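Quick notes on the structure that follows.
The shown structure was predicted, so the numbers you read here are calculated from the model rather than taken from an experiment. Residue numbers start from 1 in every chain, and the chains themselves are labelled A, B, ... in the order their sequence lines are given, proteins ahead of strands.
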Number of protein chains: 2
Amino acid sequence: MPAASSRLLRLLSLLQSRPEWPGADLAQSLGVTTRTVRRDIDRLRELGYRIDSLPGVAGGYRLSVGNRLPPLLLTDEEAVAIAVGLRTAAGGTIHGLEESSVQALAKLERVLPVRLRHQVKALQAATVPMTAATGPTIDPDLLTQLATACYGHERVSFGYTGSGGERTGRRVEPYRLVYTSWRWYLLAYDLDRDDWRTFRVDRVRGPVRREHRFTPRELPMDDVRAYVSRAVSHHPYRYQATILLRAPVRRLAEGLPPTAGQLEAVDDTSCLLRTGANSLDKLALYIGLMGADFEVLEPAELRDHVRALAERFARGSVVTADPERT
Amino acid sequence: MPAASSRLLRLLSLLQSRPEWPGADLAQSLGVTTRTVRRDIDRLRELGYRIDSLPGVAGGYRLSVGNRLPPLLLTDEEAVAIAVGLRTAAGGTIHGLEESSVQALAKLERVLPVRLRHQVKALQAATVPMTAATGPTIDPDLLTQLATACYGHERVSFGYTGSGGERTGRRVEPYRLVYTSWRWYLLAYDLDRDDWRTFRVDRVRGPVRREHRFTPRELPMDDVRAYVSRAVSHHPYRYQATILLRAPVRRLAEGLPPTAGQLEAVDDTSCLLRTGANSLDKLALYIGLMGADFEVLEPAELRDHVRALAERFARGSVVTADPERT
DNA sequence: GGAATTGAGGACAGAAGCTGTCCTCAATTC
DNA sequence: GAATTGAGGACAGCTTCTGTCCTCAATTCC
């Protein structure tokens, strides 16, 4: 066994677990002399890691930010936290990171011990993310399976529900997972139809069966995301709303994330919000939390929903229940 | 430069990036013969990695799930996704993972290249998590600084705002970060008061200045979390509410996360919810969106708030604005 | 069943690298 | 100035590595 290689990983692990190590402590932990530790530090530096040092009393070594990310040595708890966080992010809660979150999750889960995998699932079941704009909920296992198949160039087969509700079996060569318009899409080559297809991942019906590997074809487009975006429906939200808000635009804009909608001033004391959501409840909740008087200009069904909520709130602010019975 | 060590890292990176590699491909990528690749595979196995192999046509090597989590080699995008996901989780969105999320985040950010750090901050600024029960928002930088100081046994000094509003400067030896009752606490030894103190992290006023390292003292308690929980106020929420809901408990319970409150049946058609929040707005809207008629039993100020919302929603469902002007 | 394609692993020569020891020098803190 | 840290060269002795060559085993496809 190459003692040097093994020792370098252990040295990296030590340096990551605590920022400051005198050379003598490292030597003792690794079972070598301080001269060898200095050689090992040189080796890690040659591999691209940035290790700062300070001679003198209270001196020692410290792993620093360099140009290259070192291999991350994680404890069980840290790995679970990362996996759950990435699963949550794969659901669309962190705009712009969905695809790399699924890639990182797939990479981690390919090597995550089984005992930790159960823990990840249990913790995620207890997590209920709520965002202003979400698409259908997707099982992260499905995403990581598809992500792994994409990178491994492995054919897969699965059940699929078309837009008209018809169920078909599909055999495909998967190429890319794309998150756009608050949904996951899979760009794949359909073997039975002998052509490229874009699949809505929320319409894939498990299980996904892995098959033989394939030689990747040249993609027929340069920009996969643009291609997928053109192929999908142009109405990501079921409801589009226009709201008049009775507050200065400046006061509201500072609390508004860019994904939440479009805000423009009407005059000094009011502004217009154009936003969207898939649920009248979420739309109402979102508007109610903005802390300003408002009027729903469009759609009429949102006005009806807001009126119904107003009546429910009015009833809720009156106590008719007998306190003795509760 | 130790070619073997460098090559092992490259081999690991190759195996993590794609699941299936014939030995000849690995040899070509690494610039050695297949015999040396087989030796390298043996070396990784001795380091604890589980690498499966399959001889024969379409054979090759694959990194598998073992008993031990191997060092993770991440791309820039994956590292950014993990960092942002952990920062979000540190805010309390994933119950039970706050502390390990901050530990993992501190570990990652100690080595994250500067060019990626800016990206992480920009992406997180665009993320607005909203949960049913939240404490004060804390800058993740502060958390990772404190976490790093804890593990590095480094004294720190910072400004602090007491519960009465008084501003003091503090010099402490930090020991543990604890997340409980929807807030972050720091258990530290106060050098000026020569005693243990528990600090609310949201009351720490930056910057946190690192000072000399210290020799850790023996903690005066066995269970740090229990100690901190006893030391904090027993009213994590500013508002505690009791709500009568006019729906069967079974229908509501299935959509209720365990952190959201305590639900108990009154009779076949109604139940009682005891919950809390720090914002009357969030409390009211949260209850309003449970999909059931309700009555606010306690507190009276919540009833007042719900009545005000009812009026706002009633006004909001009537259009008075001139459509031509918008 | 044989061919082709993969992995497994021993033996060997020649080359390369590693470690501990010893030492001088430099930097920092008390 | 003493004590405590890191830096790094020189050297002997030892260890390890790589490529080559080879036999054997397993798998898939024709």
Side-chain angles (χ1 to χ4, degrees), chain A residues 1-11 14-15 18-47 49-64 152-155 210-215, chain B residues 1-12 14-15 18-47 49-64 152-155 191 210-215:
Chain A
M1 142 135 151
S5 299
S6 171
R7 211 172 51 237
L8 288 185
L9 277 179
R10 275 161 45 222
L11 177 54
L14 291 172
L15 291 172
R18 180 177 112 193
E20 193 88 29
W21 284 89
D25 288 355
L26 289 173
Q28 188 176 28
S29 294
L30 298 169
V32 291
T33 65
T34 53
R35 186 67 188 87
T36 295
V37 167
R38 288 196 287 278
R39 291 188 180 112
D40 281 349
I41 296 289
D42 276 347
R43 289 168 181 141
L44 288 179
R45 283 170 172 153
E46 282 166 5
L47 290 175
Y49 301 107
R50 166 96 178 253
I51 299 174
D52 291 342
S53 59
L54 193 70
V57 177
Y61 294 100
R62 162 193 296 268
L63 186 60
S64 286
H153 302 299
E154 297 168 341
R155 293 194 179 101
R210 285 160 60 196
E211 298 186 356
H212 290 309
R213 289 178 63 222
F214 62 90
T215 302
Chain B
M1 147 129 147
S5 300
S6 171
R7 211 176 48 239
L8 286 186
L9 282 177
R10 277 164 37 225
L11 175 55
L12 197 54
L14 291 172
L15 291 171
R18 178 179 115 193
E20 192 86 27
W21 284 90
D25 287 357
L26 292 172
Q28 188 178 27
S29 295
L30 300 170
V32 291
T33 64
T34 54
R35 186 68 190 88
T36 295
V37 166
R38 288 196 287 278
R39 289 187 181 114
D40 282 348
I41 296 289
D42 276 346
R43 288 167 182 142
L44 287 181
R45 282 169 172 152
E46 282 165 6
L47 291 176
Y49 293 94
R50 163 93 180 256
I51 298 174
D52 290 342
S53 59
L54 193 70
V57 176
Y61 295 99
R62 161 194 297 267
L63 189 60
S64 285
H153 303 299
E154 295 169 342
R155 294 196 179 98
L191 295 167
R210 287 159 59 194
E211 299 186 356
H212 290 307
R213 292 179 59 221
F214 62 89
T215 302

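Residues B/Tyr61 and B/Gly23 come closest through the heavy atom pair CE1-CA, 3.9 Å.
Between B/Leu44 and B/Asp40 the shortest side-chain heavy-atom distance does not fall below 4.5 Å. Counting only heavy atoms from C-beta outward, the side chains of B/Leu9 and A/Leu8 never approach each other to under 4.5 Å. Within the 4.5 Å cutoff, the side chain of B/Asp42 has heavy atoms near those of the B/Arg45 side chain.
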**OP:** Quick one, give me the B/S/- string for nucleotides 25-30 of chain D, reading 5' to 3', where B means a protein heavy atom under 4.0 Å from the base and S means that only happens at the primed atoms, P, OP1 or OP2.
**Re:** -BBB--
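At the phosphate of C/dT6, neither OP1 nor OP2 sits under 4.0 Å from any side-chain N or O atom of B/Ser53. Considering only side-chain N and O atoms, A/Arg7 lies under 4.0 angstrom from the phosphate OP1 or OP2 of C/dT19.
Spacing between atom CD1 of A/Ile51 and atom C1' of D/dA7 amounts to 14 Å, rounded to whole angstrom units. To the nearest angstrom, P of C/dG20 lies 14 Å from CD of A/Gln28. If you measure from atom CG of B/Leu15 to atom P of C/dG7, you get 12 Å, rounded to the nearest angstrom. What separates CG of B/Asp42 from C1' of C/dG7 is a distance of 11 Å, to the nearest Å. As rounded to whole Å, 15 Å separates atom P of D/dT5 from atom CD1 of A/Ile41. Counting to the nearest Å, the P atom of C/dT29 and the CZ atom of B/Phe214 are 19 Å from each other.
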Subject >> B/Arg7/B/Arg43 under side chain to side chain contact (heavy atoms under 4.5 Å, CB included): CA gap, chis, key distance, verdict >> reply: CA-CA 11 Å; B/Arg7 211 176 48 239; B/Arg43 288 167 182 142; 3.7 Å; yes
Return all side-chain donor-acceptor pairs below 3.5 angstrom for residues 27-34 of chain B, not counting sequence neighbours, or 'none' if the list is empty.
{"residue": "B/Ser29", "atom": "OG", "partner": "B/Asp25", "partner atom": "O", "Å": "3.1"}

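We find that A/Glu154 and B/Arg62 are joined by a salt bridge, their nearest charged nitrogen and carboxylate oxygen being less than 4.0 Å apart. Between B/Arg50 and B/Asp52, at least one side-chain nitrogen of the basic residue sits less than 4.0 Å from a carboxylate oxygen of the acidic one, meeting the salt-bridge criterion.
Interface residues of residues 31-39 of chain B facing DNA chain D, ordered by number: B/Val32, B/Thr33, B/Arg35, B/Thr36, B/Arg39; criterion, heavy-atom separation under 4.0 Å.
In this structure A/Arg35 satisfies the salt bridge (charged side-chain N to carboxylate O under 4.0 Å, His left out) test with no other residue, sequence neighbours excluded. With sequence neighbours left out, the side chain to side chain contact (heavy atoms under 4.5 Å, CB included) criterion links B/Leu191 to B/Arg155, B/Arg171, B/Glu173, B/Tyr189, B/Arg217.
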Original post:
Which string of ( ) [ ] | and . matches DNA chain C, if you list each base 5' to 3' and count Watson-Crick or G-U pairs only when both distances are under 3.5 Å?
Top reply: ||||||||||||||||||||||||||||||
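The side chain of B/Tyr61 lies closest to C/dA8 when the candidates are D/dG8, C/dC18, C/dA8.
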